[in-house]
Amino acid sequence: MLRRLALFLCLAATPALAEDIACPDLSIAQPVGDCPSEEQLKYSYAGYCSDDARMYDKDGGNTCVTLDDFKKLKNHALWEAGDFQGYLHCGRSPEQTRALKLTGMKVAPAGKLTRVVCDYEGGAMMVLRTRRACVITGDKAVCD
């Protein structure tokens, strides 16, 4: 019993090691959900952009001008690459999505969480959420 307590106290006193986190290569990314069908998008467009659109459309009125404008906002599916997730646009084929190149990385606080955000060509983003504090160092995030 005393040994277990001593071991626990030693482990609790050991500082956590910092971890380097790199943005994922999208070639390993996999879709988690399906893209919405054309019928689902039209149905959502009719409901979202109906007479009550003024209650929802807070971006200056660009979302509900046409169905194509609406699709820019809503035609996405969830993708995962390791611990990273992102809603990527369904206007690209899976092959085109997996070929997107990394353009930047940033760290953004989000309440008690930290978001490690990886930006890719075409406005695609993959995000890792963690409770650890992170800073960008070179091409990686260092989280402690």
Side-chain angles (χ1 to χ4, degrees), residues 4-5 7-144:
R4 287 185 188 166
L5 180 60
L7 178 62
F8 173 76
L9 291 174
C10 287
L11 290 175
T14 304
L17 299 175
E19 177 185 8
D20 289 350
I21 298 174
C23 286
D25 180 352
L26 286 186
S27 66
I28 65 164
Q30 294 295 320
V32 176
D34 295 327
C35 288
S37 68
E38 187 70 20
E39 294 78 28
Q40 289 170 323
L41 287 168
K42 286 179 181 177
Y43 180 82
S44 296
Y45 175 72
Y48 186 88
C49 296
S50 67
D51 292 339
D52 293 330
R54 67 187 182 292
M55 296 171 64
Y56 305 112
D57 200 6
K58 304 292 186 202
D59 68 354
N62 295 330
T63 302
C64 291
V65 175
T66 67
L67 179 59
D68 288 336
D69 292 326
F70 182 77
K71 285 181 184 180
K72 288 176 189 173
L73 178 68
K74 296 293 185 179
N75 194 15
H76 293 81
L78 182 63
W79 284 63
E80 288 182 345
D83 292 331
F84 284 81
Q85 295 182 333
Y87 283 93
L88 303 181
H89 200 275
C90 293
R92 290 184 287 265
S93 70
E95 294 77 23
Q96 290 171 321
T97 296
R98 289 187 185 101
L100 295 175
K101 301 295 180 212
L102 181 68
T103 60
M105 179 183 215
K106 60 187 171 230
V107 170
K112 293 182 179 183
L113 298 177
T114 300
R115 295 175 67 224
V116 178
V117 181
C118 300
D119 294 313
Y120 296 86
E121 299 168 322
M125 290 188 318
M126 296 293 281
V127 179
L128 168 74
R129 290 166 183 82
T130 180
R131 293 196 181 277
R132 301 166 78 181
C134 303
V135 294
I136 300 294
T137 305
D139 62 347
K140 295 187 176 169
V142 178
C143 302
D144 52 305

Any chance you could lay out the side-chain contact (heavy atoms from CB on, under 4.5 Å) test for R98 and W79, step after step, and finish with the verdict?
CA-CA 10 Å; R98 289 187 185 101; W79 284 63; 4.0 Å; yes

4.5 Å side-chain heavy-atom contact, C118 and L102:
yes

Residue pair Y43 / S37, side-chain heavy-atom distance below 4.5 Å
no

Disulfide (SG to SG under 2.5 Å): pairs with one or both residues in residues 84-117, sequence neighbours excluded:
C35-C90

Applying side-chain contact (heavy atoms from CB on, under 4.5 Å) to D119 and not counting sequence neighbours gives T103, K106, V117, M125

Side-chain donor-acceptor pairs under 3.5 Å in residues 19-33, sequence neighbours left out?
{"from": "E19", "atom 1": "OE1", "to": "R132", "atom 2": "NH1", "distance (Å)": "2.5"}
{"from": "D25", "atom 1": "OD1", "to": "S27", "atom 2": "N", "distance (Å)": "3.0"}
{"from": "D25", "atom 1": "OD1", "to": "S27", "atom 2": "OG", "distance (Å)": "3.2"}
{"from": "D25", "atom 1": "OD2", "to": "S27", "atom 2": "OG", "distance (Å)": "3.1"}

Separation between CG (L88) and CG (L78), nearest 0.5 Å, reads 8.0 Å

Would you confirm whether S93, through its side chain, and Q96, through its main-chain N or O, come within 3.5 Å as a donor-acceptor pair?
yes

Please name all residues satisfying side-chain contact (heavy atoms from CB on, under 4.5 Å) with D34, sequence neighbours left out, ordered by chain then number.
none

Is Y87 close to K74 at the side-chain level, that is, under 4.5 Å between some pair of heavy atoms?
no

Checking T130 now: which residues fulfil side-chain hydrogen bond (donor to acceptor under 3.5 Å, both in side chains) with it, not counting sequence neighbours?
none

Side-chain contact test, heavy atoms from C-beta onward, threshold under 4.5 Å: evaluate it for L128 versus Q85 and give yes or no.
no

Say whether, by atom type as modelled, one donor and one acceptor occur between the side chain of E121 and the main chain of K101 under 3.5 angstrom.
yes

Only counting residues at least two apart or in another chain, list the ones meeting ring-ring contact (aromatic ring centres under 6.0 Å, His included) with Y45.
F70

Dump the intermediate steps for side-chain contact (heavy atoms from CB on, under 4.5 Å) on M105 and V116, then the final yes or no.
CA-CA 7 Å; M105 179 183 215; V116 178; 3.5 Å; yes

Would a 4.5 Å heavy-atom cut-off, applied to side chains only, mark V107 and V135 as touching?
no

Mind jotting down which residue pairs meet the salt bridge (Lys or Arg N to Asp or Glu O under 4.0 Å) criterion with at least one end in residues 75-95? Sequence neighbours excluded, please.
none

Taking ring-ring contact (aromatic ring centres under 6.0 Å, His included) as the cut-off, I'd like each qualifying pair that reaches into residues 88-131, sequence neighbours left out, listed once.
H76-H89

Apply side-chain contact (heavy atoms from CB on, under 4.5 Å) to K42 and list each qualifying residue two or more places apart in sequence or on a separate chain.
E38, L67

Using 0.5 Å steps for rounding, measure from the CG atom of L73 to the CG atom of L41.
10.5 Å

Taking the side chain as everything from C-beta on, heavy atoms only, tell me whether T114 gets closer than 4.5 Å to P109.
no

